[in-house]
Structures are given as C-alpha cells and as structure tokens.
Amino acid sequence: MEYALERFTAQVKAVIAATGRVAPALIETATPKSTIPADVAFPAFRAAKELRVPPAQLAAELAVAITIPDGSLIGKVEAVGPFLNFSMHPQRLATAVLAEIATRGDGYGRQPDGVGKTVVVDYSAPNIAKRMHVGHIRSTIIGQSLVNIFRALGYTVVGDNHLGDWGKQFGVVLASIALYGTPDAEGETALEELEAQYSRYAAAAKEQPELDEEARIWSLRLEQGDPHARALWQWCVDLTMHAAQRNYDRLGVHIDHAYGESFYEDMLPGVISAALEKGVAFREDGGAVVIENLDNLSTFLLQRSDGGTLYMTRDVATVLFRLTEFHPSRLIYVVGEPQALHLRQLFALTRAMGNAQGVDLTHVAFGTVFDASGQPLSTRRGNMVYLESLLDEAVARARAVVEKKSPDLPEDEKAAVAEAVGVGAVVYNDLYQDTKRNITLDWERMLATDGNSATYLQYSHARCRSILRRAEADGSAPSDASLLTHPAETSLIKHLARLPEALREAGTRYAPFVIADWCYTTAREFGVFFEQCQVLKAESSELRAARLSLVAATAHALKVGLGLLGIRAPERM
Ligand code: ARG
C-alpha cells in the first residue's frame, strides 16, 4: 500500500483526469512555493496550450468541474491564476498518517524501489597496521548510513570493507616488526606503535639502503606465501581488525565482508592480460603496463616495470569480482575526494575493458575534516584525530552534558546515554550536510542541545518519550486522530508523512543529509506543536489522547530517521 502523500498525489491526478478535460499524459503536478497555502499544484500551462485556451481559464474551469470523492485525502481545490491548487484534508490526513506510522512500525518510511536489485557499498577500508584516521571515519559513517538507506529502499545491500592489507608498503611493515619486535600494547595504542616503527624504519632506510632491500624481500616473501611472513601479516590483520571492531560496535557499523586487497592477488595476472588483450593497455619497453589517453584522464599504470602490481590493479580485480559474485546494479565507493581521479580511472578502465555495462559506478566523495581552529587535520601537522580517541573524547564531553541536564538518572543509564550522545554527535557531524563539504570538529556545536545537532534530535525524541511516560501511554490506545486540526498539528503531521519521500531522495542523491534535514525539521515542528498545543492538559480527554498519539508517532518516526543515520535514540535523557 502506498503512503498517504503518494495516495494524495494520485488522487489529485485522478480527479483532474475524471473531468475529461485534460489528457492524462498532460497531468503533471508540482510542489507550490512555501508561501502558497496549498500542498500540490497543477500548473495548467501545457494542457491549456494543447486546448488553445488561456491557462487561467482552464484552471478556473477545472476548479468548477472537479468533484472530490468521499473519503478523499483532498480537502480543497482552488484556482489561483494559471494554477490549480490542492490542499489536503487535515482530519483525514492525520488519521491516515498516524495509522500508517503505527502499523508499519520500524518499517515506516521503507520503499519497495530496490526490490530484486543489489548494490555493493565499498566503505570504511582502513589500512592494516594503521589507526583509522578521520578519512576512514567519514567513510565508515557515511557508508553505513548509505547501507541503511538502500536497505530501507528495498535493495539487497552488500557492504565490503576494502582493507588496505597488501602492496609494497606492507613489506616495510613486516620488516619493521622483524627488526623492532611486536609492540607490547593493545588496540589503537599497539597500532600507534606500529606506525611509529614504520616511520622509524622508513627514516633509517634513507641512510641504510639494505633496509629497503630487506623490506622488498619481506613483501616478496608475503606474495610467495612464505609461512612466517604470512603469520606476521595475519597477526597485523587481526590486531587492526580487533581494534576496528570495537569502534564499529560503538558506531553500530556492520560490514558484511572484508575481502581486502590481498584477496585479489591471484586474479591480478588475469586483469593485466585482459587489459592488454582488449587493447586498452600496452606494455612499454621497460615492461610496465600503461593506460594512456583513456577518456582524457592522465596516464596510469596497471603493472610496474619490476613486475609489481598496484592499488589500481587490485581495484580492477575487485570490480570484476563484485560483478560476478553479487550481480549488482550499482557499485558505490565511499572514498575521500583526493581519490577522485583514481576512481575515475578505475571506472573508465573497467568500462573500456567491456565490463560493468548497465551497472552504475558511483564515487560518493567526501570533504576534509578541520579542527576547531580551522586547520585541516593531518598526520604531518600532528593534529590528526583517530577513531577510538575521537569517540572517547566525544563520550567524555557528552557525559558532562548528561550530568548537567539529567543529574538524576541512575549511574549506568548516564553512561549509556553519554555513549549514545557522544557517538551520535560524531556521526551526525559527518552526515548533517552534503558529504562533499568539509566538516569541522567543533564540540560546542556538535553537542548543542538546541540547533542542528544529534544531541538536539535525541533530546526531542527523549522529550516525547517522557511525555508519554508521564501520561502512562504509548500512544497506541485508541484515539481519534481527526481531532488534530490545529495548524501546528497539521504541519507536524504533514512533515511526518514526508519521511518516505525523503528516504527516496536520499537514495537517489546518495545524500544522508536529506534524512538529517528531515529529522531536524521534525524536531523543530515538534517544538512548535508542543509550545502551541497543550498535551497532558488538553481541553478534553479525547484531544489529550489524540495528541498523545501524535507525540508517540513523532517519537517513533524520529527514531526511525535517526536509525537510518546510525544514531541511537535513548528513552530518557
Ligand atoms: N584503503 C584505502 C585508503 O585508506 C581506501 C580504499 C577505498 N576503496 C577502494 N576500493 N579503493 O586510502
């Protein structure tokens, strides 16, 4: 069954068609400007031209000719100049929307658009023996939200964590461990030490060329399957993934696969020969395999002159594997803007080799992260932020907010709320605006209890739940939603009805911020409603019950919206 807003639009088209004046193909509706007190408009221009009458005349004629059937979601139709404006019937809308939120439950907003289709989302993708820096954090958070959004759109979604666990630099990792030993620490601290060892080794190799040779031998051993090299590699993978998993759990991130770059090793010769056979790549005299003049992109390599393969080679193999393994209709790469050229080359090469025809290849790029003083975070600057410490700091700061706002909560609940609020602040900061934009780590704004922050949204949800607790109602008791006719109520209800279309738009535009905007407007609309309408002290018990059911619907829809972003909604705050 379609959602109320979809039914409303369909009904508008049907009543226009029923007049027999306008051919169905010419019946297209539009959203009126926000200053116009109507919900859907029919601009009469095209139809009028066809009929050779002035648009305003046609609109006026149609307004008279239209009959609104009993029980329709259309409340009113009115001609204004060349437009035919339709408004919803507030009582019927309220009844329909509250009923659909209640019956669909956690599935509210879901759409069937993607049923039978698969999308693969490439996200997170940390590098082994390194900590997850802000780039990986953004990829993880944006990627998981897109996974949630596409699942809610009915797609079969396959998440794949394309770990950086291979390549030349891995020889350095292994050689440095062989030289300096394994760090005596755990989690991110151990990874930090490995990174330090790596830098120490790389610096030393500048003076001592034999260290370079040693690293090269280690990477060769690894590629040839030497058991010692393999065991050391596995130890690094386990250490990194164990640390990552703790963070993923806190973020509510679940990635279906982690094949990683190493998985594709055996497929690389096939990739290189296929590119040569198709004539897309050629082998230079020195032995390197080169791709030139492809779609005006700069020249790039598929194989080095020493026979070594590259990040690109493994990425091509990855595309081919994903196509045969999952038969996706889309492949989505959630990777930072600096890799835009790499991905353009990858997509162009894959297609030039005759693959991925009819498959949508998309790079969801994201911007840089700046600190509160406006400096981009970078390892070289020394202001880089890593995932675990970022989450810990967020939770510590959230804890202070909770202590201030809800001093009476029991200790364990305070801890749980601080975790949800702190992690939510970090997640929302990545999602509340277009992913391409840069973001700032500004704790004041991120944890503001009013304004566009997760904290404000979580508070709004908790406020709804607290009203329901005080009324000892969950909003599911029979109530007559048609009593909800106050403009603030109607406005809130119309907005709640928009979650399904917001979800669809978020998927089409790869834009979690559309959901974030929807959540923020919901919270604001709720604020207006709560200020203008008495809930617990409503004029009558019937109205009280109806308003409580609106509060319950708001809480529920907001929780669903936050869930799409990967943000938890505590019951109390
Ligand atoms: N591991 C890479 C990095 O840290 C990101 C991988 C992105 N995914 C891909 N298929 N290339 O930069």
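Below, all heavy atoms of this structure are taken into account, side chains as well, without hydrogens, waters or symmetry copies. Atoms within a ligand are numbered from 1 in the order they appear, just like the ligands themselves.
- In this pair, Y108 and Y3 present their aromatic rings perpendicular. The plane angle is above 60°, beyond the 30 to 60° band.
- Taking a heavy-atom cut-off of under 4.0 Å, ligand 1 is surrounded by D122, A125, N127, H136, H162, Y311, D315, Y333, V335, Q339.
- Partner of R314 under the side chain to side chain donor-acceptor pair (under 3.5 Å) criterion, chosen from E261, H162, E265: E261.
- A salt bridge is defined here as a Lys NZ or Arg NE, NH1 or NH2 lying under 4.0 Å from an Asp or Glu carboxylate O, and R445 with D450 fails to meet this definition.
- Remark: side-chain polar atoms of Q169 are paired, donor with acceptor, to backbone N or O of W166 under 3.5 angstrom.
- One finds no salt bridge joining K436 and E337 here, because no Lys/Arg side-chain nitrogen approaches an Asp/Glu carboxylate oxygen to under 4.0 Å.
- Between E195 and R200 there is no salt bridge, since none of the side-chain N atoms of the basic residue sits less than 4.0 Å from a carboxylate O of the acidic one.
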